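Some notes on the structure that comes next.
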Amino acid sequence: MAGGFVVFVRKNFCDRSRSHRPQPDWKAAYRHGSDCRFQLAVCSSHGRPVHFACGRYGSGAIAPRIYAKHSRRLAVARFAVGRRASFQTDRLDLYRQKIQELLDKGLAYRAYDTPAELDAMREAQKARNEAPRYDNRHRDLTPEQQAQFEAEGRKPVIRFKIENDREISWNDIVRGTVTWKGRDLGGDMVIARAAEGEFGQPLYNFVVVVDDIDMQISHVIRGEDHIGNTPKQILLYEALGATVPTFGHTPLILNAAGAKLSKRDGVTSISDFQQMGYTAEAIANYMTLLGWSPPEGMNEIFSLDEAAQKFDFDRVNKAGAKFDWDKLNWINSQYLHHMPIDRLTDLLIPDWQEAGYEFDPSDRAWLKQLTAVLAPSLVRLNDAVEMSRYLFVQDVGLTEAAVGQLQQPGAVAAMQGILAAIPADTTLSEADAQGIIQTVTKAENLKKGVVMRSLRAALTGDVNGPDLMQSWLLLNQHRWDRSRLEQALKQISA
RNA sequence: GGUGCCGUAGGCAAACUGGUAAAGCCGCAAGUCUUUCAAACUUGUGUUUGCGGGUUCGAUUCCCGUCGGCACUGCCA
């Protein structure tokens, strides 16, 4: 792909006021943040900018705000490559000019159908079991007919002519040759809405083409759901006398049921994943693995930069990929297990605070020690909240299993021995703690395992959890170990 | 309904232009380690490539049909 490689990552935003869909949350347009998984890899691999477009009409003020928000999200996901933004509202003059050009060339025309008439037409088609499509009834209006409609006060839309017998085909980077017939495109397409004045808002399929020509976009990489727009857009490129770019349609991400991943699946954007405790790196990593496989010898855990170096469309699969939470979990755990403790600590602190745990954030040493203990067991960041509860909440109580453990022969005596051995005001070292256990085990003539398991039960209230010695030391630093033992002994004897 | 795309184990997938199918990863199961869970490591687990024909010495790969899934089918983007 020598010479220039510019990809247009287009994010579209619903116009709330006009949409008939219930609450088209603008986040939905961004969906799971995966639409751009391959684009970004490609762009960074070629050192080209990713263009970022907000396709919102109407109040121009809101578009920059949406852009800012999404831009932040991309950055969050480490998708930080050079970006340029553009807003449709800034480009209205260009669209106007291009529409006029098509009109002048006779490739587009004014159609005066009312929405009610169009509905009636489709109803009738449906009744006859035909595919709904515009029958091009206003394509060749006489000046008199036009004048008549105008006199009635009708406002025309602009329609672009699509010939029935036209064949459109292109060589898709991921799918090979794809072919469509003009007659399957639904009739002459509307490129601008009806409105007062010459013509109204230009529409998506037209706008993207004008923009992409203007920005000299060479490659359009997008989700497979756009495949049906491509033939229409190709026709527009030709009509506008522009070079048709290279298209690539990447597979969709499916939920367990095999449908397009959506809001119902609980994730609509990268921030949703982050709230669930997934790191941005893990998300980006997993997303790139959906529909693409790394070349032989490449690990499946990789940064976006590494992916960019090896990325190749040859290895993009055509079939939609089912989203697998198990694998995302595993990938996320890999990142968490190998993350520097300082960074992990920073990520965990907000979760602990949010959980309402009381602690001194400046007690960095203790927090880091805790993080290091937790790290190997983490799958998602917020797992840390439950896992470390016994270190933040004074009164933990005993689970049934813990009670059972402490009722084992010798357990109580061992706990009493340990309690007596813990110095009241010096902090235990690991060697100290080991020594205490050694001594008590010998003195009570028990197996070490019994002592350890019982100690865990008494100290943490449960029979399993993070490393016991570390947990004890952590507790000891806050002088909570003795009180835990006392409470446990009290509960057992009661 | 129409059109398009797709169909390799439970999931993601590999297999150079037709030449021993399932490499690798997740999951699952067992074992090792350990004070527990997890991690880590080891081993194991899954196949008439949706189905039926055809071309061929030979088909996951090419052709036809069939079934299934998904997407699109707007004065949305």
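All values derive from a computational prediction rather than experimental measurement. We use all heavy atoms of the structure for the numbers below, so side chains are in, but hydrogens, waters and symmetry mates are not. Convention: sequence-line order gives letters A, B, ...; per-chain numbering from 1.
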Could you pull out every donor-acceptor pair under 3.5 Å between side chains of residues 447-457 of chain A and any protein atom, sequence neighbours left out?
residue: A:Ser454; atom: OG; partner: A:Gln405; partner atom: NE2; Å: 3.1
residue: A:Ser454; atom: OG; partner: A:Val450; partner atom: O; Å: 2.7
residue: A:Arg456; atom: NH1; partner: A:Pro466; partner atom: O; Å: 3.0
residue: A:Arg456; atom: NH2; partner: A:Pro466; partner atom: O; Å: 3.2

Note to self: Heavy-atom nearest nucleotide on RNA chain B for A:Lys232 versus A:Leu254: which residue maps closer to 5'?
What the structure shows: A:Leu254
Item checked: Any donor-acceptor N/O pair under 3.5 Å between B:C5 base and A:Lys318 side chain -> no
Are any protein N/O atoms closer than 3.5 Å to N/O atoms in nucleotides 40-46 of chain B? If there are, list each pair with its distance.
residue: B:A40; atom: OP1; partner: A:Gln334; partner atom: NE2; Å: 3.0

Margin query: For B:C70, give the paired nucleotide (Watson-Crick: N1-N3 plus N6-O4 or O6-N4; G-U: N1-O2 and O6-N3; both under 3.5 Å), or none.
Written below: B:G4
Margin query: Just to be sure I understand the rule, does A:Asp113 reach a base, reach only the sugar-phosphate, or reach nothing, if contact means heavy atoms closer than 4.0 Å?
Written below: base
Check: Given atom CG of A:Asp184 and atom P of B:G1, what is their separation to the nearest angstrom?
Finding: 16 Å
Margin query: At less than 3.5 Å, do the side-chain atoms of A:Glu296 and the base atoms of B:G24 form a donor-acceptor pair?
Written below: no
Notebook entry, point to check: Contact class for A:Ala194 (heavy atom, under 4.0 Å): base, sugar-phosphate, or nothing?
Noted result: base
Check: Start at the 5' end of RNA chain B and walk down; is the nucleotide closest to A:Met469 or to A:Ala111 reached first?
Finding: A:Met469
Next item on the list: Could you pull out all residues at least two apart from A:Lys161 that satisfy salt bridge (charged side-chain N to carboxylate O under 4.0 Å, His left out)?
Entry: none
Next item on the list: Please work out if A:Asn329 contacts a base, only the sugar-phosphate, or nothing of the nucleic acid, heavy-atom cut-off 4.0 Å.
Entry: nothing
Next item on the list: Classify the nucleic acid contact of A:Arg128 as base, sugar-phosphate or nothing, counting any heavy atom under 4.0 Å across all strands shown.
Entry: nothing
Check: How is A:Arg453 classified with respect to the nucleic acid when contacts are heavy atoms under 4.0 Å: base, sugar-phosphate, or nothing?
Finding: sugar-phosphate
Notebook entry, point to check: So what does A:Leu118 hit on the nucleic acid, given a heavy-atom distance under 4.0 Å: a base, only sugar-phosphate, or nothing?
Noted result: base
Margin query: Within the 4.0 Å heavy-atom criterion, would you say A:Arg315 contacts the bases, only the backbone, or no part of the nucleic acid?
Written below: sugar-phosphate
